[in-house]
Colleague: 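Have a look at this one before I ask anything.
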Amino acid sequence: GWVSALISVVLAVAFGALAYFVAIDNPYYDVNSGVKEQVTVVGGDIASTAKNLNMSLKTGAMDLGIEKSAGQDYTASLSSNSLGIKQEQSNLKDDTQYVVLSTDSVRDWWLGSGDNNLTLGLTDRVPLDLRVDTGASSVHGDLSSLQLRSLALKAGASSVDLKLGSRLAKQDVTVDAGVSKLAFQVPNGVGVRVETDNGLSHTDFGDIAKVSDGVYESTGFASAETQITIHAKIGVSSFEVTRY
């Protein structure tokens, strides 16, 4: 009867208005979503008495680059039209500076997500423990000049490409991610051990030979002056370790 007809008309108008709002007149929707609308930067210096830096980064999906900082001891520069970055914590405990950085949404509408690009700069003055939790599409960077002691990376990433160094004698790297490509560059002469908990469809470890199921070591790893251990908890189609 007339009630059902009225309901049909109201629903038709409502859905039509919704479609118009989303497709044409949505103030949150940027049809040119690749254009960055803002750059958010946070950073700081660690205490003069700090002998170590413990850095934690929590982000959404983005392209993440890691490098040596210039100027301040740590900086994070985010270019995005949907996310901002903030410092949740920075305090000194014993001789370690603990810093927590995180991203948060500055928009309430998912259609405005666009591109997110974050560059994390870190000091080379003190030993570094770095933890990254991100739903990233790409993680890459040059950590060779940093005093990297440990790296824990948890990501839903399409690729990870990192260059490691030899400034500290013991380095521990853990990657827990679903990635299509995992690549590490390590210095010549450094002992390398790779531990994986799954079968790999393709590996290219060069001089790093298989010693048992899921374990690979370079010759003389146990007696090497510098040792890098990589723990890989991942599903990958390609895993490479190359020398430079």
Side-chain angles (χ1 to χ4, degrees), residues 41-59 62-78 85 87 89-103 117-134 136 138-155 157 159-177 179 182-194 218 221 224-232 240-244:
V41 181
V42 297
D45 295 314
I46 64 175
S48 59
T49 55
K51 298 180 180 179
N52 305 281
L53 174 60
N54 186 298
M55 169 70 70
S56 294
L57 173 65
K58 305 173 185 178
T59 78
M62 64 182 56
D63 181 277
L64 172 61
I66 306 173
E67 62 186 23
K68 175 185 173 182
S69 62
Q72 292 179 302
D73 287 328
Y74 60 90
T75 59
S77 178
L78 174 64
I85 190 164
Q87 180 172 278
Q89 173 186 340
S90 179
N91 63 279
L92 180 66
K93 183 177 180 181
D94 297 327
D95 58 358
T96 300
Q97 186 87 19
Y98 291 88
V99 179
V100 178
L101 305 178
S102 67
T103 59
N117 296 278
L118 175 62
T119 300
L120 179 65
L122 299 168
T123 182
D124 63 348
R125 295 194 299 108
V126 296
L128 169 69
D129 295 292
L130 176 62
R131 176 178 295 275
V132 177
D133 188 346
T134 177
S138 175
V139 179
H140 53 89
D142 185 351
L143 287 68
S144 60
S145 64
L146 305 181
Q147 297 188 56
L148 183 68
R149 181 164 51 198
S150 70
L151 168 64
L153 173 63
K154 185 175 182 180
S159 67
V160 175
D161 189 351
L162 296 171
K163 184 177 182 179
L164 306 178
S166 58
R167 292 197 59 184
L168 293 188
K170 300 283 187 180
Q171 301 174 48
D172 192 85
V173 177
T174 300
V175 180
D176 184 354
V179 299
L182 179 62
F184 286 101
Q185 300 176 57
V186 297
N188 290 313
V190 168
V192 180
R193 177 184 174 94
V194 178
S218 60
F221 170 79
E225 182 177 345
T226 302
Q227 299 176 345
I228 297 176
T229 302
I230 301 172
H231 310 271
E240 299 179 358
V241 178
T242 57
R243 300 282 189 175
Y244 69 89

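Given the structure is predicted, the values throughout are model-derived calculations rather than measurements. Residue numbers run from 1 in the order of the sequence given.
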Colleague: Apply side-chain contact (heavy atoms from CB on, under 4.5 Å) to the pair Thr123 and Gln72, showing each step before the final yes or no.
Modeller: CA-CA 8 Å; Thr123 182; Gln72 292 179 302; over 6 Å; no
Colleague: For the CZ atom of Phe184 and the CG atom of Leu143, what is their distance to the nearest 0.5 Å?
Modeller: 9.5 Å
Colleague: Is there a donor-acceptor contact under 3.5 Å from the side chain of Gln147 to the main chain of Asp124?
Modeller: yes
Colleague: Mind checking whether Val186 and Arg243 have side chains closer than 4.5 Å, heavy atoms only?
Modeller: yes
Colleague: Do the side chain of Asp45 and the main chain of Asp73 share a donor and acceptor less than 3.5 angstrom apart?
Modeller: yes
Colleague: Might you point out which heavy atoms bring Gly191 and Ser218 nearest each other, and give the distance in Å?
Modeller: CA-OG, 3.4 Å
Colleague: Could you check whether atom CD of Glu225 has more than 12 heavy atoms from other residues, nucleotides or ligands sitting under 6.0 Å from it?
Modeller: no
Colleague: Any side-chain heavy atom of Thr59 sitting closer than 4.5 Å to one from Leu64?
Modeller: no
Colleague: Please report the interatomic distance CZ(Arg149) to CG(Asn54), rounded to the nearest 0.5 Å.
Modeller: 8.5 Å
Colleague: Is it the case that over 12 heavy atoms from other parts of the model lie below 6.0 angstrom from the CZ atom of Arg167?
Modeller: yes
Colleague: For a 4.5 angstrom cut-off between non-hydrogen side-chain atoms, does Thr134 reach Leu57?
Modeller: no
Colleague: Checking the side chain of Gln171 only, and the main-chain atoms of Gly165 only, is there a donor and an acceptor separated by less than 3.5 Å?
Modeller: yes
Colleague: Any heavy-atom pair between the side chains of Leu120 and Leu101 that's under 4.5 Å?
Modeller: yes
Colleague: Minimum heavy-atom separation for Ala177 and Ala155, please, with both atom names.
Modeller: CB-O, 2.7 Å
Colleague: In sequence, state the C-alpha distance, the side-chain angles, and the governing distance for Arg125 and Ile46, and then conclude on side-chain contact (heavy atoms from CB on, under 4.5 Å).
Modeller: CA-CA 10 Å; Arg125 295 194 299 108; Ile46 64 175; 3.4 Å; yes
Colleague: Can you find a heavy atom in the side chain of Val173 that is under 4.5 Å from one in the side chain of Leu162?
Modeller: no
Colleague: Between OG of Ser144 and CG of Leu164, what distance do you get to the nearest 0.5 Å?
Modeller: 8.5 Å
Colleague: Quick one: closest heavy-atom pair of Thr229 and Phe221, and the distance?
Modeller: OG1-CZ, 3.8 Å
Colleague: Between Thr96 and Asp94, is there a side-chain donor-acceptor contact under 3.5 Å, judged purely by atom types and distance?
Modeller: no
Colleague: Would a distance-only check, ignoring hydrogens and angles, find a side-chain to backbone donor-acceptor pair under 3.5 Å from Gln97 to Ala47?
Modeller: yes
Colleague: In the structure I gave you, are the side-chain heavy atoms of Met62 and Leu78 within less than 4.5 Å of one another anywhere?
Modeller: yes
Colleague: So do the side chains of Lys154 and Thr174 get within less than 4.5 Å of each other, counting heavy atoms only?
Modeller: no
Colleague: Hey, what do you get for CG (Leu146) to CG (Leu130), rounding to the nearest 0.5 Å?
Modeller: 9.0 Å
Colleague: Begin from the C-alpha positions of Gln87 and Val99 and carry the test side-chain contact (heavy atoms from CB on, under 4.5 Å) through to its verdict.
Modeller: CA-CA 8 Å; Gln87 180 172 278; Val99 179; 4.2 Å; yes
Colleague: Does Lys58 pair with Asp133 as a salt bridge, N-O distance under 4.0 Å?
Modeller: no
Colleague: For the CE atom of Met55 and the CG atom of Asp129, what is their distance to the nearest 0.5 Å?
Modeller: 11.5 Å
Colleague: Decide whether His231 and Asp176 meet the rule of one side-chain donor and one side-chain acceptor closer than 3.5 Å.
Modeller: no
Colleague: Do the side-chain N and O atoms of Ser150 and Asp172 include a donor-acceptor pair separated by under 3.5 angstrom?
Modeller: no
Colleague: Roughly how far apart are Asn117 CG and Ser138 OG, rounded to 0.5 Å?
Modeller: 9.5 Å
Colleague: I want to check something: taking the side chain as every heavy atom from C-beta on, are Tyr74 and Leu128 in contact at a cut-off of under 4.5 Å?
Modeller: no
